[in-house]
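Data block below; observations after.
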Amino acid sequence: MSDKAFAATLRREVERRRTFGIISHPDAGKTTLTEKLLLFGGVIHLAGAVKAKKAARHATSDWMAIEKERGISVTSSVMQFEYDGYEVNLLDTPGHQDFSEDTYRVLTAVDSALMVIDSVKGVETQTKKLMDVCRMRDTPIMTFVNKLDRDGRTPFELLDDIEQNLGIECAPMTWPIGMGKLFQGVYDLRRGMIRFFESEGKGSRPREAEVVKGLDDPKLDRLIGESAAAELRAELELLEGAGYPFDHERYLAGKQTPVFFGSAVNNFGVRELLEAFLQYAPAPRPRAAESREVLPTEEQFSGVIFKIQANMDPAHRDRVAFLRVNSGRFSRGMKARHQRTGKDMLLHNAIIFMAQDRSGVEEAWPGDIIGIPNHGTLRIGDTLCEGKEPLRYLGIPHFAPEHFRRVVLKNPFKAKQLDKGLEQLTEEGAIQFFRPAMGRDQILGAVGALQFDVIAARLAAEYDVQILTEPMGIAAVRWLAGDDAIVLERLKRDNQSAMVTDSDGHLAMTFASEWRLEKAQEDYPEVRFLTTRECV
Ligand code: G4P
């Protein structure tokens with residue numbers, strides 16, 4: 001291919017890619033929505049396929065499930081499908097028992113996110129946490145309010161809830177007509193169209209959408225009944241005064257979220273969501289490296305590792321590193337420089353995540369994810385690239401853990417194996433590890449509480465080390481930074497018993513309560529108490 005032709009192909013491939021993750025609280029409908037999206041993408045042909053897999057994994061953590069069903073989870077971590085000429089990469093954001101730092105980190109590898117809100121429950125804790133991560137990079141977010149077939153909160157209450165609790169403007173794209181038993185469908189605000197709700201499984205063909213000529217069209221009364229029409233008119237009048245019109249730029253800047261209403265389990269409102277998503281969501285964007293921003297259309301291949309998945313074969317200790325392609329083209333068998341070590345790596349056995357029936361795909365483009373099997377060379381945050389430039393990507397950080405436990409080693413003679421195991425598991429990003437400045441405690445830190453069980457199980461299985469973990473009085477940890485060395489020293493001296501270092505030797509401080517954290521922030525305004533730390 002000539003240089004010019006290659007540049008044109010690269011531009012086209014970038015333009016048609018959409019890489020995203022779903023943020024939601026458990027049970028809001030993420031799995032159901034994923035399944036419907038995959039049905040549209042033709043990846044699965046049977047409703048229930050994703051669900052069945054989830055049910056199989058439900059009782060225990062992802063890791064324990066992989067033990068039984070090796071490899072499955074690796075491929076379901078990235079789901080790629082084609083729709084209407086677009087290549088869509090949906091990255092799994094593990095929830096439920098699998099909620100962990102990976103869930104956060106996956107969100108640093110996407111270009112946009114889809115937020116699912118349960119219309120009965122409104123904004124819930126996990127969504128809030130995930131939203132905070134999205135906010136770090138001003139990730140654009142589209143919202144799907146789910147379960148309109150149930151009696152939930154009114155649309156105004158829901159929009160208010162999102163705006164107040166998540167601090168983002170809402171721009172409704174559709175508006176529900178009734179809800180619960182009275183749910184008739186949605187009014188498409190952009191097209192002036194009514195889409196009728198049909199619950200799935202009745203065997204009836206969905207009713208065609210009806211176009212109305214504005215809200216004053218008497219056809220509206222005939223279609224949905226006079227009282228529902230009057231209510232719709234009143235609500236939309238109110239919305240006009242109080243709501244935000246859709247603004248593409250504000251959406252792309254992460255300031256506004258377009259909102260769709262529907263029912264995932266009934267496959268209602270999902271196609272509209274998908275089509276708007278493809279139209280408005282961003283293609284791969286420039287990514288920040290230490291020295292500069294890298295454009296996806298730059299011809300030299302580059303990418304960053306954002307997740308490591310252990311393959312769980314104790315005999316081999318192989319791991320799959322997930323790399324997001326940030327620029328250029330990846331082709332199987334190519335060589336790329338591993339920037340942290342300065343060595344070249346031959347990428348001959350990389351896994352290219354592709355929808356079914358498209359085997360033999362040999363290349364990947366910006367926004368795509370590839371899996372690179374390795375024996376521990378690759379770590380989270382590592383950059384791989386072509387060319388001589390010493391490129392190092394930023395923005396794939398460690399996140400401050402929210403749960404803490406002390407390690408108790410059952411057999412003291414296994415201390416060395418424990419150290420080795422913890423070193424490798426922290427490199428993998430499976431857990432974080434801290435040592436106090438005073439005392440001999442070994443402190444584990446996790447974002448999801450079940451990570452402790454997974455670590456204990458893995459230490460036993462892979463390193464033959466039995467541990468127990470004990471709760472301890474830590475509520476939060478923050479990495480410390482500041483330009484004033486004297487103030488930092490004073491903080492350290494006055495709080496020696498709270499000082500810890502992480503597995504890479506970075507200084508952090510622990511707090512017994514949120515209140516103590518706030519107090520320290522007040523007392524030491526010159527110090528930055530960081531919730532994230534760059535991995536490399
Ligand atoms: P998650 O991945 O976010 O945890 O949620 P998931 O899709 O598993 O959905 C959680 C529950 O909510 C499921 O019910 C699912 O069927 C239901 N659900 C999803 N979308 C809708 C909807 O639009 N309306 C209603 N009424 N329910 C919805 P479940 O009882 O846990 O499982 P199942 O046995 O029904 O599959």
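For the single chain, residues carry numbers from 1 onward in sequence order. Numbering of ligands and ligand atoms starts at 1, following listing order. Note that this is a predicted model, so its numbers are computed, not measured.
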Under 3.5 Å, sequence neighbours excluded: what are the donor-acceptor pairs made by side chains of residues 243-250?
| from | atom 1 | to | atom 2 | distance (Å) |
| --- | --- | --- | --- | --- |
| Asp247 | OD1 | Glu249 | N | 3.0 |
| Asp247 | OD1 | Arg250 | N | 3.2 |
| His248 | NE2 | Tyr280 | O | 2.9 |
| Arg250 | NE | Glu169 | OE1 | 3.2 |
| Arg250 | NE | Glu169 | OE2 | 3.0 |
| Arg250 | NH2 | Glu169 | OE2 | 2.8 |

Close aromatic pair by centroid cut-off 6.0 Å: Trp479 and Phe399: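 So the answer is no for these two rings.
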Ring centres under 6.0 angstrom apart (Phe261, Phe197): no
[X] neighbourhood, listing ligand 1 atoms whose heavy-atom distance to it stays under 4.0 Å:
X      : result
Asp27  : 1 (P), 3 (O), 4 (O), 5 (O), 10 (C), 12 (O)
Thr32  : 6 (P), 7 (O), 9 (O), 15 (C), 19 (C)
Pro26  : 4 (O)
Ser263 : 22 (C), 23 (O), 24 (N)
Lys30  : 1 (P), 2 (O), 3 (O), 5 (O), 7 (O)

So, is [X] polar-close to ligand 1, with some N/O to N/O distance under 3.5 Å?
X      : value
Asn266 : no
Ala264 : yes
Gly29  : yes

Identified side-chain contact (heavy atoms from CB on, under 4.5 Å) partner of Arg324 from the options Ile396, Asp111, Ile305: Asp111
Side-chain donor-acceptor contact under 3.5 Å, Thr143 with Thr257: yes
Polar side chain donor-acceptor pair, Gln432 to Asp502, under 3.5 angstrom: no
Contact partition for Lys147 relative to ligand 1, non-hydrogen atoms under 4.0 Å: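 The part of Lys147 near ligand 1 is both the backbone and the side chain.
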Ligand 1 contacted by Ala28 (non-hydrogen, < 4.0 Å):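 For ligand 1, residue contact (heavy atoms, under 4.0 Å) with Ala28 is present.
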All salt bridge (charged side-chain N to carboxylate O under 4.0 Å, His left out) counterparts of Arg222, not counting sequence neighbours: none
